[in-house]
Structures are given as structure tokens and as C-alpha cells.
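Note sheet for the following structure.
Counting starts at 1 for both ligands and their atoms, in listed order.
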Amino acid sequence: APVSLPVSGERLLAADREPQNWMSYGRDYAEQRFSPLQQVNQYTVENLGLAWYFESDNHLGLETTPLVIDGVMYFTGAWNKTFAVNAGNGELLWRFDPEVPRSKSITACCGAINRGLAAWGERLFLGTLDGRLIAIDRVSGEEVWSTQTTDPEQAYSITGAPRVAKGLVFIGNGGSEFGTRGYVSAYSAETGELRWRFYTIPGNPEEGFENDAMERAAATWNGEWWRYGGGGTVWDSIVYDQELDQLYIGVGNGAPHNRRIRSPGGGDNLFLSSVVALDPDTGEYLWHYQEVPAETWDYTATQQMTLADIEWQGQQRKVIVHAPKAGFVYLIDRNTGKLLSAEPYTTVTWASHYDMDTGRPVEVEGQDYDGEMAVVFPSAMGGHNWQPMAYSPATGYLYIPELDMGMPFDEISPPDYKHLKRHFNTGYHTDSGDTGQRFSQAMMAHLPKSHLLAWDVEQAKIAWKLPHPHIHNGGVLATAGNLVFQGTSDGRMLAVQAESGEVLWQFDTQNSVLPGPISYEVDGEQYIAVAVGRGGVLTSNTGRAYPTGNPNNRIMAFKLGGAASLPPFERPERPLPPPRTDASDEEILAGRALFDRFCARCHGANAVGDGSVPDMRYLEPVWHENFEAIVLEGLMEQAGMPRFDDVLDSGDVRNIHAYVIERAHEDLELRQESGWWATLKDAAADAGARVVSWFLRP
Ligand SMILES: O=C(O)c1cc(C(=O)O)c2c(n1)C(=O)C(=O)c1cc(C(=O)O)[nH]c1-2
Ligand SMILES: [Ca+2]
């Protein structure tokens, strides 16, 4: 293996001096995901080809951004398995398995995914789905220390990459939908000892406050929010500002989402949906900017924060550029936390604009679904989610993987709300019944779309838009070669001219791409690499790229003249369903409501699977025969399918099964039909909008 030097603070602070490496999640502390390499550029990119690929043994989703340090690539896969490969040829150097209990999948919102690693000294740091922070020796791949960062009795999980600065490893967690209270912790990289912890929202005031910031925040809440966890999880972006020596955390949504349940008397509910600046050494509060006061749509501020120095209205400013779920690009002054600009980058209906005197959004009446259903843009998936953006200082553009989509919010009236431990809690209906019907009608007027957007940061407006055929596309890389790379959900890797948005090159990846690509260099050759594998909440909840089956997930690396190829992929035969059951229409409808409530999160809305977990329409007979034992007794728990006997009984499972069989038959009949109507219906289902397929239901 190549010689590898320790990753020191000096190296991370001067990441641009080592363009051959990709040493932290966003490449440099500013998390711009801009590579200074330019061997692959707008003129040479036509010669880009596959150099190597590394294949794992499953087809669960990949959200990882690999690190490359001195010729070795490190990345995480499903269930937090961690790999080191030779970055020049993909040969495995070591593999580390933290043995995450598969039963954990029940409170992992979005599958057994993970976004990546941090490096410091001779070590890598990994956050696991069950809440551990693990230090791994970078050479041997062995565990050095491990610490539990969460209460295992609660529904916390870790999906995000740790960050590291000044000898401290920073880690947050997720799980707000299951009822948790968010916080960020800092551990010594050397010993694994906890140095500080910052909660993002107050707990029960009777138990006292951890600090003044929490006491002040508590004045913006009321009722008994702590019973529901309250939310504010920091499940993705944490950024160290090396120039101002501040740590920024992106704080998540409220739990449950419906604000009238968690804080019935109103209030801003600090620090939900806020960027909070902390002292990196002590975790002390410095300032905050709340993007969505009293958020009620799962609008998180957890999405990528990119630091940039820009000219703003004639002045040089150090800013955070942020394009979170809420649909606005925010420019926040890093010295003061003051909002400089908030302009929509996608369809937004919940707020008309920001009042620049107060820095507050002006909410549109009725959009908070108070007692009446509202169709709101963006949806709870966000106008942009965790898929990394890129910022090019060369073009001044921020490249955003956008999702132009709304959804209906149909309130569960607060007295009827029941909090379910281990399951999703939103405070609005997620079943497809009546809501679905109205949803479909509203949405046909504005079909979900997705673009790669180039956002001119200094002008605060869109420079160009590249439309994609499917929704939920991957993250972005920008390079000094005047290129932007993005993978798509329909299974292509694209190279786009950075100023114009013209597609210059593409490659068939056979499977969807979720995360951002990286670039690095080995032996004088520049590589572009990306993790390929469909999964995560975005894809499993809304639509599909492929009718059935995915190849195993892979890391793919490209270079000029690369001549490797992927093995041909034959989509598996779709097994025929068993005969229709004698269940009544009411029973099938009841099964559908339960499926939407408990199963669709992984197996897809409308039972349209995405190929990362079994597609309910194409089950082999053995799964039908054991359906109840799988759902109620945990027969497949070791494979990651949790048991549901805490919320379902045999009658429920029979109804769910009847619904699944019904869907399989509907799908079969659709395939046997021919002509434009069948094509249209199939295309609509494939477009991925649950809405569209609802609308087309008989
Ligand atoms: O509130 C939370 O704690 C939380 C956690 C996570 C996560 O940890 O992945 C997601 C979300 N929320 C979320 O709202 C969301 O849209 C989302 C998408 C994904 C993904 O990996 O595809 N994770 C999450
Ligand atoms: Ca959330």
C-alpha cells in the first residue's frame, strides 16, 4: 500500500496544497466540494472512462462521500461497514464491520445508510446507526476506541459524517421523527473522552437548563414538548470555520412536525431549523439564525453549509451559503449571524418572502395546515436535501441538486394525536386515503420535477437549470476543469460545463447515484469517483428508477482513457403473484392505510419498491408463505426487516398482505395492457411521484 502520513490540523487547514487528496467530508473546511484538479476538464472530459469499480455484497443504498488520503480511499457502506481500497485500482486493503444490530433498522429513518468518515492523525472516525462513535486505525483497519454517544433506549441514530478540528471529533445524531431531542457532542480524537455537548432545544424545564442559551430558548416553547422529544436533531451538516474559529451546526425539524402538537401556544421553538454558531473548544453558544421559526413541515437547517468569501453589495463578506429544505438560498454573515439575503431557488408556497428588517419569513396563510389540508411546496423532502452541493469560486455559482415538489399536509387534530415509540410521528396523515385523492388532484397541476441548478451567489438568482428526467438526483462536485459532476436517479454519471450547464459527457451507472462525487489524483492521473446505489428515504419513499432489481452497490472511479467496463446487468424476472385473496375492498383499503403508515418508508409508496429492499409486488412464494412471521415475529430481522408486533396484529397483517397482492396484480395487468394508456400509466408511475400513481389508481 502507498505510504500514508498522519492527517494533521495543518494539512486540513491547507487542503488546497494537496489537491490530490480529499481528506474531509466536503474536501476542505469550507465544504465547497470544489477540486482544484484540472487534468479532466471541459476539453478532455470526452475521454473520461471507467478506471475501476469496487462492488460490495448488497444492494442497499450508498450515501457515502469517500475520503482519499495519500493514495488510499476510505468509505462507508450499508450497516456502517467501512472499507479501505487502493485509490488507483480499487483493490481492497481492509474492511471493518462495527456489527450494527440489524433490529436497529426500525428507528433508522432512511435505511442502513451512512454519509462518511472523518480523518485525524492516524485514525478515521465513524458514527454508527446505533449511535456509537468509533475511532479506526487507518493502516490496520482496527478499532482504537469506541464510545456510545446516545442513549440506546431512545430512538437516536447516526447517519452523518463526523467532522474533526483542533483534535476534537464533532458528531450529531438523527431520529427526531421517532421522538428525540437533538444535540451535538465533541470527543477527544485521541482518547474518545467527551469534551462537551450542546443540546439544540430545551428539555423539561423542571429538570433545569444546561446553559443560558437553553433557558432563553425555553421561553420560545410551551406545552410539554419534551414528551415528544421536540426534535432539533443535527443529522448532517457541522462545519468548522478556520478563519473565525467557530463551529456551525445545522439544526433539524420539530418533533412531531405539526407545531400545534409540540408547542400548542405557539412560539418560535428555538433552535429548530436554525444555524447555530458554537465555540469549538467549549461548545458555548455564540449566535444563531433561525431560518424557519416554529417550523411545521419537516424543514430542517441540517443541509450542507458552505463557507465562502464573496462580494455582497460592494463589500467583502464571509458568508455561509445555505440551500436547505425550506426552498430559499440563505446568505448568512459568519461574523454576526445576520441574514444578508434569502431568495427562493425552487417553488415555494409556505412563505412569500423574507422581511429583511427582521430577518423573518412572511408565512402564507393556510400553509400551516391548521385544521385544513394544505398543499405545500417544498415537500417534507425539501427543495434540496442532504445531497451535497458544490460551490465554484471560479464561476461564483453554487450547484444545487434541486427537487421541485410539494405535498399535502393534512393535520391529525391535536387531541387525536398518539405518539408511537419506534415509529414515525409527524402529526399529519401519511396514509393515502382521502389525502391521497386530493393530493393527486393538486399535484397533477404541478408535477414533481428536478434540476441541477447553478445559483449565482452574488446575484442571488438562478444562472442556469439542467432538467432531469427523474426526481431525487445525486450530489454535486465542481472542479477547476470548468466542470460540474452529478449522478442521477436514472443511473447516469454526468459531466456538465460549469458556466453553461451543457452536458459534455455521461456514463451508464446501471443504478441511481445519491451522494456527491469526489476528485483526487494518484500517480499523476486525476480520478473522479462516486458511490452508486439507490436507497435512503428520498428514493424509497417516492418512486423508482428501475422497475425491479438493482445491481449491488459500487464505488466507481473514472479517469482519462479509463477502459474498464461494468458487467452487463440483467434485470431479474418478476415473479408472478399468488392468486388474489378473498379480502373485501374495505380490508384492502385498511391494509393500504397500514402499509402507508408503517411499510412505505422502506418498501415504497404504493408498494412501488426501489430495488434496495424487496419490492412487495415481486415477492417469491416463500415470502408470501411466511408473510405473517416476517412482519410479526421478526423472521427476517437479521436481514434488517424489523418486527411490528408492537403496532400490528394478525388481522392487520392479513390486510396488508391482501393489499400487497392486489398491487402485484394491478401491476401485472398494467404490464399486460398495451398501447399509449398503459405506457402513460407506467411512465407516470416511473416518474416517481406517489401522487401520480395515486391519481391513476382505479
Ligand atoms: O429529523 C431527523 O432526525 C432526520 C434524520 C435523517 C437522517 O438521519 O438521515 C433524515 C431526516 N430527518 C429527514 O427529514 C430527511 O428528509 C432525510 C433524508 C435522509 C436520507 O438519508 O435520504 N435522511 C433524512
Ligand atoms: Ca426530519
Side-chain angles (χ1 to χ4, degrees), residues 60-65 76 78 80 104-105 107-116 127-131 149-150 154-162 171-184 200-201 228-238 249-258 262 272-273 292 295-304 324-326 378-388 401 403 405 407 424-428 430 471-475 489 512-516 531 533-543 601-602 604 610 612:
L60 297 169
L62 283 189
E63 296 190 357
T64 190
T65 294
T76 56
N80 301 119
K104 183 61 201 168
S105 68
T107 52
C109 77
C110 311
I113 49 93
N114 179 271
R115 299 192 192 90
T128 65
L129 219 49
D130 55 341
T149 71
T150 56
Q154 296 199 46
Y156 288 105
S157 54
I158 298 177
T159 59
I171 188 74
N173 46 56
S176 82
E177 276 76 25
F178 305 90
T180 58
R181 177 187 179 205
Y183 59 88
V184 172
T200 59
I201 63 159
Y228 312 112
T233 44
V234 181
W235 55 268
D236 199 32
S237 191
I238 301 175
I249 61 172
V251 182
N253 55 274
H257 298 174
N258 184 339
R262 66 168 192 269
L272 295 182
S273 202
V292 187
E295 92 73 29
T296 193
W297 307 273
D298 194 10
Y299 287 168
T300 63
T302 54
Q303 282 67 40
Q304 176 182 341
K325 280 188 180 181
S379 75
M381 308 287 172
H384 159 234
N385 206 302
W386 62 269
Q387 283 80 351
L403 173 60
M405 183 170 104
M407 71 178 257
F424 242 51
N425 297 283
T426 57
Y428 45 81
T430 45
I471 57 176
H472 294 311
N473 295 289
S489 59
S512 307
V513 184
L514 305 175
R534 190 170 176 77
V537 69
L538 305 183
T539 50
S540 33
N541 238 352
T542 48
R601 187 150 67 79
C602 297
D610 77 345
S612 65

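Nearest heavy-atom pair, P401 versus G475, reported as atom, atom and distance to 0.1 Å: CG-CA, 4.1 Å. What you find for Q387 and H384 is that their closest heavy atoms are O-NE2, 2.6 Å. The two atoms that bring G427 and P256 nearest to each other are N-CB, 4.2 Å, heavy atoms only. Closest heavy-atom contact between G175 and S157: N-OG, 4.3 Å.
Side-chain contact check for R115 and T159: at least one donor-acceptor pair (N or O, by modelled atom type) lies under 3.5 Å. A donor atom on one side chain and an acceptor atom on the other are found under 3.5 Å apart for S176 and N253.
By the 3.5 Å distance cut-off applied to N or O atoms, E63 is counted among the residues near ligand 1. Checking only distances, W386 does come within under 3.5 Å of ligand 1, N or O to N or O. The distance criterion of under 3.5 Å between nitrogen or oxygen atoms is met by T233 with respect to ligand 1.
Using the six-membered ring where Trp is involved, Y428 and H257 have ring planes that are tilted, between 30° and 60° apart.
Among protein heavy atoms, atom 23 (N) of ligand 1 sits closest to C110 SG, 3.2 Å. Considering only non-hydrogen protein atoms, atom 18 (C) of ligand 1 sits nearest to V537 CG1, 2.9 Å. Taking atom 12 (N) of ligand 1 as the reference point, the nearest protein heavy-atom neighbour is W235 NE1, 3.3 Å.
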Query - Chi angles and distances behind the side-chain contact (heavy atoms from CB on, under 4.5 Å) call for L272, I201 - result: CA-CA 7 Å; L272 295 182; I201 63 159; 3.8 Å; yes
Query - Audit row: D298, T426, side-chain contact (heavy atoms from CB on, under 4.5 Å) steps and yes/no - result: CA-CA 8 Å; D298 194 10; T426 57; over 6 Å; no
Report task. Could you check L62 against I113 for side-chain contact (heavy atoms from CB on, under 4.5 Å), going step by step and ending with a plain yes or no? Result -> CA-CA 6 Å; L62 283 189; I113 49 93; over 6 Å; no
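Contact annotation: for N385 versus ligand 1, heavy atoms closer than 4.0 Å belong to the side chain alone. If you look at S176 next to ligand 1, the close heavy atoms, those under 4.0 Å, come from the backbone and the side chain alike. Within the 4.0 Å heavy-atom criterion, neither part of T302 lies near ligand 1. The side chain of D298, and not its backbone, has at least one atom closer than 4.0 Å to an atom of ligand 1 (non-hydrogen atoms only; side chain from C-beta on). Contact annotation for R115 and ligand 1: only side-chain heavy atoms (C-beta onward) come within less than 4.0 Å of the ligand.
Qualifying ring pair (Phe, Tyr, Trp, His ring centres under 6.0 Å) partners for Y299, counting only residues two or more places apart in sequence or in other chains: W297, W350.
The Ca ion (ligand 2) forms the vertex of an angle spanning OE2 of E177 and OD1 of D298; to the nearest 10 degrees it equals 80°.
With contacts defined as side-chain heavy-atom distances shorter than 4.5 Å, the pair Q304/D236 does not qualify.
Each of the following atoms of ligand 1 lies closer than 4.0 Å to a heavy atom of C109: 6 (C), 7 (C), 9 (O), 10 (C), 23 (N), 24 (C). Set against the non-hydrogen atoms of T159, the atoms of ligand 1 under 4.0 Å away are 7 (C), 8 (O), 9 (O). Near K325, meaning under 4.0 Å from any of its heavy atoms, are these atoms of ligand 1: 13 (C), 14 (O), 15 (C), 16 (O). Every atom of ligand 1 with a heavy atom of G174 under 4.0 Å away is listed here by number and element: 3 (O). Residue-ligand proximity, I113 to ligand 1, at heavy-atom distances under 4.0 Å covers atoms 21 (O). Near G175, meaning under 4.0 Å from any of its heavy atoms, are these atoms of ligand 1: 2 (C), 3 (O). Which parts of ligand 1 touch G536 is read off a 4.0 Å heavy-atom cut-off, strictly below it: atoms 22 (O).
The distance from the Ca ion (ligand 2) to the nearest N/O/S atom of N253 is under 3.0 Å.
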